[in-house]
Amino acid sequence: MKLKLSIKPILIPVLAITCLFSCTDLEIDETDSLISNDTSETGFTGVTNATSSLDNLYNKVGSDFQSQEQMYAMSEVASDALLVPTRGTDWGDNGVWRQMHTHTWRSDHVFITNAWNALNQNIYNATEIIETPDAGATVVAEAKFLRAFNMFFVMDFFGVVPFRQLNEGPAIDPSVLTRVEAYSFVEKDILEAIVDLPTVSPGVANTGTATQEAAQFLLAKLYLNSGVYNGTGTYASEDMQKVIDAVDAISTSGFAIEEGYFDIFEPTDDTETILFLRSEVGPRIWNTLHYNQNAPDNEGGGWNGFSTLAEFYDTFEGDANSNYVGDNQEERRGFVPDPTTANDQNIGIGYGFLINQQYDADGTPLTNRQGEPLIFTKEPTSLVGNTENQGTRVIKYHPYDPTADDNFNSFRQHQIIFRYADAHLMKAEAMLRMGTDATAMVNVLRQGRTNTPDLSSVTETEMLEERGRELFIEYWRRNDLVRFGQFSRPWSLKETTGNDAVNLYPIPATALLSNPNLTQNPGY
Amino acid sequence: MKITLLRSLVLLGAFLSFAFSQAQEVTGVVSDASGPLPGASVVEKGTTNGAQTDFDGNYSLTVGSNAVLVVSYIGYKSTEKQVNGNATVNFTLEEDAEALEEVVIIGYGSTTVKDATGSVAAVTSEDFNKGVISSPEQLIQGKAAGVQISQGSGEPGSGVAIRIRGTSSVRSNNNPLFVVDGVPLPSGGSSAEGTNIGVGSSSARNPLSFLNPNDIESMSVLKDASSTAIYGSRGANGVVIITTKSGKGGAQEGTWEFSSDVSMSTPANEFDLLNRQEFLATAAAFGGSAQDFGNDTDFQSLVTRNIASSNSNLAYSQNYGSGNVRATFNYGKQFGVVKKSSQERITGRINFSQRLLDDKLKLDLQSTLSRVNDEAPPLSGSAGSTGDLLGSAYSGNPTWPASATFNPGNRVNPVNLLNNFQSLTNTDRFLVNFSTGYDFTDELNVKATVGYDRAESTSEASLTANSFNLTRGAQGNGRGALNDLTNENRLFELTANFKKEFDNSALDVLGGFSYQDFNTKGRSVEGWGYNTTDMNQMARDLATSANGLESLITGSYQQYGYDGDNDLFVNRSFPNTVTDQLGVATIPVTSVFADTFDYTDELQSFFARVNYTIADKYLFTATVRADGSSKFGSNNQYGVFPSGAFAWKLSEEDFVGEAFSTLKLRVNYGITGNQDGLGYGRFVRRERYSTAASTGLSNISDSGELDAPGLTTVEFANQDLKWEETTQYGAGIDFGFNDDRFNGSVDVYRKETQDLLLNIEAAQPSPQPTFFQNLDAVVINQGVELVLNYDILQGDDYNWTVGLNVAYNDNEIQDFDGQIAAGTIRGAGLTNAFAQRLAGGQPLFSFYLREFLGFDDNGNPIHEGGTDNQKFVGKSALPDITGGFSTSARYKNWDTSVYFNGQFGNYIYNNTANAFFTGGAIGSGNNVTQDVAALAGVEGRFAEASVSTRFLEKGDFVRLQNASIGYNVPLSEDNFFKSMRLSLNGQNLFVITDYSGLDPEVSVSPAGPDLLNGLPIAGVDYSSFPRPRTYTLGFNLTF
């Protein structure tokens, strides 16, 4: 045909020449990011700079645990210590807080989904560091600690833990570790990490990264909850002894109970902090304060959200309906500054439990946004339809920061996650579970606090209450309630009773969909 | 990069430079009724032998003595004459009015309406929408059936969403491919998305603003796969081909055109907010009280305005026979009806066309240089609980003073925000396209095209230390951002076109190669802690600081940061990963953090099209394009996209009666692709120093401190990632009666989009929470399009025409097991709230809400199935029916036109009402509308306001989009001016709708990081920029 004759001689050379000069192999160049050398033959070849990746992982973990949502909500708002009532339109938030408090979450709850994703991503990133050939021993040990730390929470919240080898691309469904397997995995990681981690004495300079002491603490947590994780509900004496050994190892390094309860939460040296995270403490401050409670470094005042339940507040020593100085309250319940105690240092913002009339730094009574007196009532009356004033507020970190230039810094990255008082109580609880009287042990802690008379005896009930009083809103309440079999009991504004299925969160719906190896937890 | 465009071009030039020759001569003049015609083509019939008339209409040609000469010229009927041995043969051509309209620009060529096999809607400049046009899409809004064009807000320069035949993609861009004079534009924005400095993030500006609408000759919308498959992997959402005006229509001695208009815009609608007395009374009626600050301020009117804008064009065009040139200059400044919003546009364009070597060689140049300056007010689709400028103006207590220094304690004072915020974006863009075509034979033409497109954008935003109660630590410190973005894309194309007519058939073959690369680079700089509250000085200080720090750094880097307390840190990736500490610097801003990016995507394609016509009745078209993209790994780097179409001109058949002047049946099928929205290097494991950008926050904490970020893995290796693929079937009938005085077309289609590119949650553990995957699901779009035109009256002095286009589209996602939340709802108490879900068996943008049943005795809302029972409510943000109706009439020198558009079947979530207009809002001391005041005693003052059907409303509307009246001033023959025209135009004159918000044609478009699960949002109205009503007075002169 004529077509061939006329086109071919011209078109083919033209196309050939074009291709010679302009055809491309379409490979992307390394101009923007580091492109890995991984191939299907070599598999994962390691991250480029393990130290830098580890630094990023610390930042990531700190920021994940900074949020008032996700793990914090699942640990504290789901417990009897906190309630986020819907006040007018505020804090409706699509019902996420109501569902947390009433244990009516479903597998598509955004906090549960986000927690799953954040913790597991951290596990993956830690694994990348651990399996990098040229990573230093200490870097690998720190990554192992961080992997164990994140996996501990996945195991604690969800039971099973998914795991993916680094050579497994997105087409491969991650395998799933049972809770028992995950327990062993975490234990192995910690034990391997301890060998190469530094041992430190207390102090801000030492406790912001993984140490032998932090690893011992995590081990103690693991062993203390062994009865939960192995599903038997019984606590073997050898496991409890391991708790005691781990705590003893921490105290050998100089960690001890420190006097001056609320000072511990300042970013200064103390003997209690074993590990703090790179989390800004602002969310722990502003989520509970009213809009009109202001501070120099915050815009627009508090967020008027988180409050506690009367029954939790009532477990503390002191006047049940007031918390001003002189109400005979124990040190740990804190106080509300009034015209006589408000000053430039506390700027009118209290410590611990905030109830009744609130004041400004100069002692002026505060009002709410309707211009009515800002009087915090003891407890919200329902989940929705509350006024701005309802509920006792809880604050442990205070805007006051003695290390800041102007003494105020709500943004300091110093959220304590492992604390010696917790270790001390873990040892006491281990003794109790081994059949040893832990009363004296608990009273040693109480003697470190003021206005806390010795307890005459300590059973499980007192042990749980003491942990609540000492460690409120420090990430451990749900874990404690589950271990003491109390998580599913009814409390104020929560009707559900006796359904132990809530002791595990549901596997997120998106996770089930993306990984057929996962099966939903019972009851969901 | 391996390509060397210049070298290829030089080689090609060498190829083209050998010439052909012949002998013997005929001369003559070609003219029309008014004089000689330069540039007409004179060809010896049946040969390639031809010539072009010169400036004076003269031609000269060497032919055989029995030759037949054919003269043709666009816009005139072709004329034949026998030479018969004459040395002089003159021609007088008759105008052919219809021929002009009939040309339809398609991919890599043109066709006529009669011969088109695909579904193409062509709109030429005469039919463009008039008035204030900030972006070319608006020119054809409502003009083409099945093409839904909506500007999400009334803000000058805001983005425009175009959906051709429905919404077929989920995560990827759903906008069509734009091709300007042959250069496919990159899909991304040419300006940076705004960083959240305390008022929420903002989306990028409209990337097409750089084109002067007055320069556009025609816009072709390619709708079906047979038309778009020639663009292969970028054709799935349709293609819009923009052709700019050439100098073809200019006089030989040159024609000047000057046009200028001035327009007046007012907010078309406003909320009926309470004044001081009403506010205090309403607070009391709800059983509470509101704080009385003693004033009576109307914040809504304080932040909006009535404003005049102007636009002027000067154009020169000349057609000198062997070529033509057109040069234009445009200056316009459009002000928005919200204060501090404007868009200034300065463009220059030169289009040049030259024929050489006996007209065998044709050189074409189209080039434009533009500068667009955008000023944006503090508005954001992702504003937090206190709202942005409009949100705070709607909700602000009317007893507050209208003072910028008044601090209401925990809320945003809109006057304070307005005075302490500035956002300026400057975008320079240069787009040039140069092509060389050579006719090797009468049948074969080879054309090489080089295109270059560079957009450089700088945007700066500042929030001063005097601002109150926002976020990000601006108060008392000042916060700012500086974003530089450069997009550069280079195109090289080579096409060969072979046309041959046989006895009873015709063949038209096109083959080509195309290479295009897209480089994106720039920096995002954040600043915190300023010594000044002068916003221009703040912007300068941040630039000075960034440039000062950069001058201390040698070598390449990804990031640097400085926070006053610590050393300047530098994060480097190449040649080695290292973080350097460079000591203390002296800069005017306390804390600075910068992240840079630089990446290139490449696209390499081979394509071919064959048109074969038998007996001028049966038309066949087949196309195929193979696209290779650097966005995919070796397993799926190339995609092949074929299509085919058949048209049957039934009106040419004897068995069809004379009643039909046109009757044509068209069927088509094709596969097209989509890779937009995917981003760079998604298929390979990569590491970068992390930024907080993905969370929408910033790296400098609210206290001004910053930590050097570490490296993180940003992608999975995923060599299986591939193109999103749309299979489309369609059929249509074109018909015309009474010499096409009544004409129209009906089209039906079905599109199935599979392998949806979606950034879905990875099976954990994974390096990132989400990654791009080809989802095993199908999005179906099917519909019908109807176009009708009727010339009711036709006469020398008068005519009256009506036109109607209507499209129905049905959308559904199928075979999808998951449910992904989308459509973030914002406002106080609405954190984590969403209104839509992506799920199988539902249309895209399906609303997922609580069913609102009323209020209980305490005034709390009752929802079906409990407080938090969210479910699908059977309604979607996508319209079922879109359409336009236009009519125009002319009587002597007067003409008028009216144009309506409408949309039906869609629902809008009124996030504005949800966030600001409830009993709970007045209960917390915020201002509300009269509608809320009427709920006293029904809704409680402490009622929660969850996302529910209470705020879901029908979005049906009919809008009088455009009405104009024009007068052509009669001028005598010898007047210096050739024509003079005056016109008055009104835009958005009224809207008929039940929607209670300001305008039903809205949707928030927050920046990428603020999109829940990365899914786009449609049909959510959150304090959207009010749409203006605009009157424009214009005049045009040619001389």
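Lettering of chains follows the sequences in order, A, B, ..., and the numbering in each one begins at 1.
- Residue Thr31(A) touches chain B through both its backbone and its side chain, counting heavy-atom pairs closer than 4.5 Å.
- With a threshold of 4.5 angstrom between heavy atoms, Gln370(A) approaches chain B through its backbone and through its side chain.
- For Glu280(A), the part sitting under 4.5 Å from any heavy atom of chain B is the side chain, from C-beta outward, and nothing else.
- Crowding of Asp406(A) atom CG: a count of heavy atoms from other residues, nucleotides or ligands under 6.0 Å exceeding 12.
- Looking at Ser52(A), its side chain never comes within 3.5 Å of a backbone N or O of Gly710(B) through a donor-acceptor pair.
- Remark: Asn519(B) CG to Asp29(A) CG distance equals 10.0 Å, nearest 0.5 Å.
- Annotation: maximal heavy-atom pairing with chain A below 4.5 Å, among Arg941(B), Gln870(B), Gln719(B), occurs at Gln870(B).
- Interface residue Asp817(B): backbone and side-chain heavy atoms are both found under 4.5 Å from chain A.
- Ranked by heavy-atom pairs shorter than 4.5 Å toward chain A, the options Gly681(B), Gly919(B), Gly473(B), Gly633(B) are led by Gly473(B).
- By the 4.5 Å heavy-atom criterion applied to side chains, Phe942(B) and Thr86(A) are not counted as neighbours.
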Original post:
What do the steps show when you test Glu128(A) against Thr713(B) for side-chain hydrogen bond (donor to acceptor under 3.5 Å, both in side chains), and what is the final call?
Top reply: CA-CA 9 Å; Glu128(A) 286 185 314; Thr713(B) 299; 2.9 Å; yes
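- Neither the backbone nor the side chain of Ser634(B) comes within contact range of chain A; no heavy atom of the residue lies under 4.5 Å from a heavy atom of that chain.
- With 3.5 Å as the limit, one finds a donor-acceptor pair spanning the side chains of Asn94(A) and Arg850(B).
- Residue contact with chain B, scored on non-hydrogen atoms closer than 4.5 Å, involves the backbone and the side chain of Pro162(A) alike.
- Here Asn304(A) contributes atom CG and Ser924(B) contributes atom OG; the two are 10.0 Å apart, rounded to the nearest 0.5 Å.
- Interface remark: of the candidates Gly385(A), Ser63(A), Gly301(A), Gly92(A), Gly385(A) forms the most heavy-atom pairs closer than 4.5 Å to chain B.
- Of the atoms belonging to Tyr58(A), not a single heavy atom falls under 4.5 Å from chain B.
- Residues Gln764(B) and Asn515(A) bring no donor and acceptor atom of their side chains to less than 3.5 Å of each other.
- Salt-bridge annotation for Asp868(B) and Arg106(A): absent, with no side-chain N of the basic residue lying under 4.0 Å from a carboxylate O of the acidic one.
- Using a 4.5 Å cut-off between heavy atoms, Ala921(B) contacts chain A through its backbone alone, with no side-chain atom that close.
- In this structure, CG in Leu513(A) is found 7.5 Å from CD1 in Ile760(B), a value given to the nearest 0.5 Å.
- For chain B, no part of Arg412(A) is nearby; none of its heavy atoms comes within less than 4.5 Å.
- If you measure heavy-atom distances from Ser629(B) to chain A, the contacts under 4.5 Å come from the backbone alone.
- Put simply, the side chain of Asp93(A) gets close to the backbone of Thr831(B): a donor and an acceptor are under 3.5 Å apart.
- Within the 4.5 angstrom heavy-atom criterion, only backbone atoms of Ala762(B) (N, CA, C, O) approach chain A.
- Highest contact tally toward chain A, considering only Asp292(B), Val578(B), Thr577(B), is held by Thr577(B) [criterion: heavy-atom pairs under 4.5 Å].
- Residues Arg164(A) and Pro765(B) meet the side-chain proximity criterion, which asks for heavy atoms closer than 4.5 Å.
- Ala943(B) pairs by the side chain to side chain contact (heavy atoms under 4.5 Å, CB included) definition with Asn860(B), Pro861(B), Glu939(B), not counting sequence neighbours.
- In this structure, Asn167(A) has no side-chain hydrogen bond (donor to acceptor under 3.5 Å, both in side chains) partners at least two apart in sequence or on a different chain.
- For the residue pair Asn292(A)/Asn410(B), the side-chain donor-acceptor check at 3.5 Å is satisfied.
- There is no contact between Ser410(A) and chain B, counting heavy-atom distances below 4.5 Å.
- For the atom pair Leu34(A) CG and Phe574(B) CZ, the distance stands at 4.5 Å (nearest 0.5 Å).
- Looking only at atom types and distance, the side chain of Ser33(A) has a donor-acceptor partner in the side chain of Arg686(B) under 3.5 Å away.
- Side-chain contact between Thr867(B) and Gln99(A) is absent, with no heavy-atom pair separated by less than 4.5 Å.
- Of the listed residues (Ala833(B), Ala708(B), Ala915(B), Gly920(B)), the one with the most heavy-atom contacts under 4.5 Å to chain A is Ala833(B).
- Using a 4.5 Å cut-off between heavy atoms, Asn294(A) touches chain B through its side chain atoms alone.
- The contact between Ile35(A) and chain B is made by backbone and side chain atoms together, counting heavy-atom distances below 4.5 Å.
- To the nearest 0.5 Å, atoms CG (Asp55(A)) and OG1 (Thr579(B)) are separated by 8.0 Å.
- The part of Arg98(A) that comes within reach of chain B is its side chain, from C-beta onward, which places non-hydrogen atoms under 4.5 angstrom from that chain.
- Side-chain N/O atoms of Asn49(A) and Glu687(B) include no donor and acceptor closer than 3.5 Å.
- Gln121(A) and Ser766(B) share no side-chain donor-acceptor pair at under 3.5 Å.
- For the pair Arg87(A)/Glu944(B), no side-chain contact is recorded, criterion being any heavy-atom separation below 4.5 Å from C-beta on.
- Neither the backbone nor the side chain of Asn37(A) comes within contact range of chain B, judged by heavy atoms closer than 4.5 Å.
- For Leu830(B), the part lying under 4.5 angstrom from a heavy atom of chain A is the backbone only.
- Glu715(B) does not touch chain A: none of its heavy atoms, backbone or side chain, sits under 4.5 Å away.
- The shortest side-chain heavy-atom distance between Ile28(A) and Thr600(B) does not fall under the 4.5 Å cut-off.
- Of the residues considered (Asn926(B), Thr712(B), Asn914(B)), Thr712(B) shows the highest number of contacts with chain A, using heavy-atom pairs under 4.5 Å.
- With a 4.5 angstrom heavy-atom cutoff, Val47(A) touches chain B via backbone and side-chain atoms both.
- With a 4.5 Å cut-off on non-hydrogen atoms, Phe632(B) does not touch chain A at all.
- In terms of heavy-atom pairs under 4.5 Å with chain A, the best-connected choice from Gln475(B), Lys521(B), Arg685(B) is Arg685(B).
- Ser289(B) places a side-chain heavy atom less than 4.5 Å from the side chain of Glu372(A).
- Atom CG of Leu26(A) sits about 8.0 Å away from atom CG of Leu603(B), to the nearest 0.5 Å.
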**OP:** Report the C-alpha distance between Asn832(B) and Glu69(A) in whole Å, list the side-chain angles of each, state the deciding distance to 0.1 Å, and finish with yes or no for side-chain contact (heavy atoms from CB on, under 4.5 Å).
**Re:** CA-CA 10 Å; Asn832(B) 287 309; Glu69(A) 304 188 340; 3.0 Å; yes
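- No side-chain heavy atom of Tyr291(A) sits less than 4.5 Å from a side-chain heavy atom of Arg411(B).
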